[in-house]
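Residue numbers start at 1 and run along the sequence shown. Bear in mind that the values here come from a model prediction, so they are computed numbers and not experimental data.
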Amino acid sequence: MAAPDHLFNLRNNFYLGAYQAAINNSDLPNLSPDDVIERDSIVFRSYIALGSYQLAISEIDSSAPTPLQAVKLLALYLSDPSSKESTIASLQEWLSDPAIGNNSTLRLIAGIIFMHEQDYNEALKHTNAGGTMELHALNVQIFLKMHRSDYAERQLRVMQQIDEDHTLTQLANAWLNLAVGGSKIQEAYLIFQDFSEKYPMTSLILNGRAVCCMHMGNFDEAETLLLEALNKDAKDPETLANLVVCSLHLGKPTSRFLSQLKISHPDHMLVKRISTAEENFDRAVQSVA
């Protein structure tokens with residue numbers, strides 16, 4: 001018989017965006033030394049997802065094992081844009097160290113950071129070999145960012161062969177279905193619907209369902225779901241961005257959601273696109289004035 005997976009619920013909470021629940025329910029008995037390291041990694045990544053970068057930075061000291069050091073690098077990278085170059089230099093140095101360079105958490109964090117940098121080829125150098133379900137799921141995300149749904153589908157097949165019912169396999173399946181579109185949108189909606197019936201509702205699940213609704217033209221239902229997500233986290237960037245898009249389709253004002261997004265997440269893709277469009281419009285106006 002396989003040993004019980006003491007971290008199953010903790011991982012699941014993290015994967016589905018229930019970060020506070022992951023933190024609150026992390027005091028688990030009978031953990032092996034490796035499980036303790038993984039547990040701590042997930043807890044600190046949950047704090048990072050909630051924006052508490054300094055907590056991870058201050059609590060992970062130089063004697064901590066490699067996975068926790070990698071998580072600290074992610075906190076440093078996200079917390080201080082001015083130190084991104086030095087953080088990435090440290091990351092590259094660790095990745096080239098034969099003693100720790102192949103650590104799965106270090107490779108995962110490298111993939112996340114280089115995906116943030118939109119350097120997808122560099123990200124894949126470290127993630128493409130896989131090794132964990134999270135690395136496979138990150139590969140799916142990277143390939144979708146590169147508009148290579150064919151490669152994303154191959155990664156999904158690998159995940160399905162390992163564990164078809166795994167939460168990350170189901171999530172990756174939903175992401176791919178959304179990217180492919182058409183009749184696949186309904187399949188993605190059913191995956192998020194299944195999550196909402198099995199697990200506590202999170203912004204991630206609500207946004208997933210809402211995006212499916214928007215693809216299917218059900219903007220009223222999407223708005224209801226997104227406002228529920230906003231009640232759970234008023235600063236969540238995806239909720240705010242989706243509310244901007246949804247409100248436009250419903251003919252409702254978007255300024256409040258867009259202002260919140262600009263203030264809390266000035267580097268969000270939607271903010272950058274709108275700023276570029278406004279600059280182009282201003283230039284066009286000046287050219288004919």
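- If you take CG on L31 and CD1 on I37, they are separated by 11.5 Å, rounding to the nearest 0.5 Å.
- Residues passing the ring pair (Phe, Tyr, Trp, His ring centres under 6.0 Å) test with H136, sequence neighbours excluded: none.
- In this structure, Y120 has its ring center at least 6.0 angstrom away from the ring center of F114.
- With sequence neighbours excluded, the residues satisfying ring pair (Phe, Tyr, Trp, His ring centres under 6.0 Å) with Y15 are H166.
- Listed by first and then second residue, the side-chain hydrogen bond (donor to acceptor under 3.5 Å, both in side chains) pairs involving residues 102-111 are N102-R107 (not counting sequence neighbours).
- Between L28 and H6, the shortest heavy-atom distance links the atoms CD1-O, 3.6 Å.
- Annotation: side-chain contact (heavy atoms from CB on, under 4.5 Å) contacts of N218 (sequence neighbours excluded): C213, M216, E221.
- Every residue two or more places apart in sequence or in another chain that forms a ring pair (Phe, Tyr, Trp, His ring centres under 6.0 Å) with F143 is listed here: Y151.
- Identified under the salt bridge (charged side-chain N to carboxylate O under 4.0 Å, His left out) test for residues 9-33, with sequence neighbours left out: D5-R11, R11-E38.
- Of all heavy-atom pairs between M201 and K232, the closest is O-CE, 3.4 Å.
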Would you list the atom pairs, donor with acceptor, under 3.5 Å between side chains in residues 56-69 and any protein atom, with sequence neighbours excluded?
from: S58; atom 1: OG; to: Q54; atom 2: O; distance (Å): 2.9
from: S58; atom 1: OG; to: L55; atom 2: O; distance (Å): 3.2
from: D61; atom 1: OD1; to: S63; atom 2: N; distance (Å): 3.0
from: D61; atom 1: OD1; to: S63; atom 2: OG; distance (Å): 2.6
from: D61; atom 1: OD1; to: A64; atom 2: N; distance (Å): 3.3
from: Q69; atom 1: NE2; to: D61; atom 2: O; distance (Å): 2.7
from: Q69; atom 1: NE2; to: S62; atom 2: O; distance (Å): 3.2
from: Q69; atom 1: NE2; to: A64; atom 2: O; distance (Å): 3.3

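- Between L7 and D35 the shortest heavy-atom distance is CD1-O, 3.6 Å.
- Among pairs with a residue in residues 239-255, those fulfilling salt bridge (charged side-chain N to carboxylate O under 4.0 Å, His left out) read E223-K252, at least two apart in sequence or across chains.
- Note: S26 OG to L10 CG = 6.5 Å, rounded to the nearest 0.5 Å.
- Each salt bridge (charged side-chain N to carboxylate O under 4.0 Å, His left out) pair with one or both residues in residues 127-155, not counting sequence neighbours, appears once here: R45-E134, R148-D150, E153-R157.
- Note that OG of S41 and CZ of F44 are 9.0 Å apart. Values are rounded to the nearest 0.5 Å.
- In this view, K198 and D194 satisfy the side chain to side chain donor-acceptor pair (under 3.5 Å) rule, not counting sequence neighbours.
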### Task
For side-chain contact (heavy atoms from CB on, under 4.5 Å), just list the numbers for F257 and L226, CA-CA rounded to whole Å, side-chain angles, deciding distance to a tenth of an Å, and then say yes or no.
CA-CA 11 Å; F257 303 127; L226 291 168; over 6 Å; no

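- Atom CD1 of I113 and atom CG of L108 lie 10.0 Å apart (nearest 0.5 Å).
- The distance from atom CG of D236 to atom CG of L204, rounded to the nearest 0.5 Å, is 8.5 Å.
- Partners of D220 under the side-chain contact (heavy atoms from CB on, under 4.5 Å) rule, at least two apart in sequence or in another chain, are L250.
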### Task
Please test E238 against N242 for side-chain hydrogen bond (donor to acceptor under 3.5 Å, both in side chains), starting from the C-alpha separation and ending with a verdict.
CA-CA 6 Å; E238 299 317 311; N242 287 328; 5.2 Å; no

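- Among pairs with a residue in residues 178-191, those fulfilling salt bridge (charged side-chain N to carboxylate O under 4.0 Å, His left out) read K184-E187, at least two apart in sequence or across chains.
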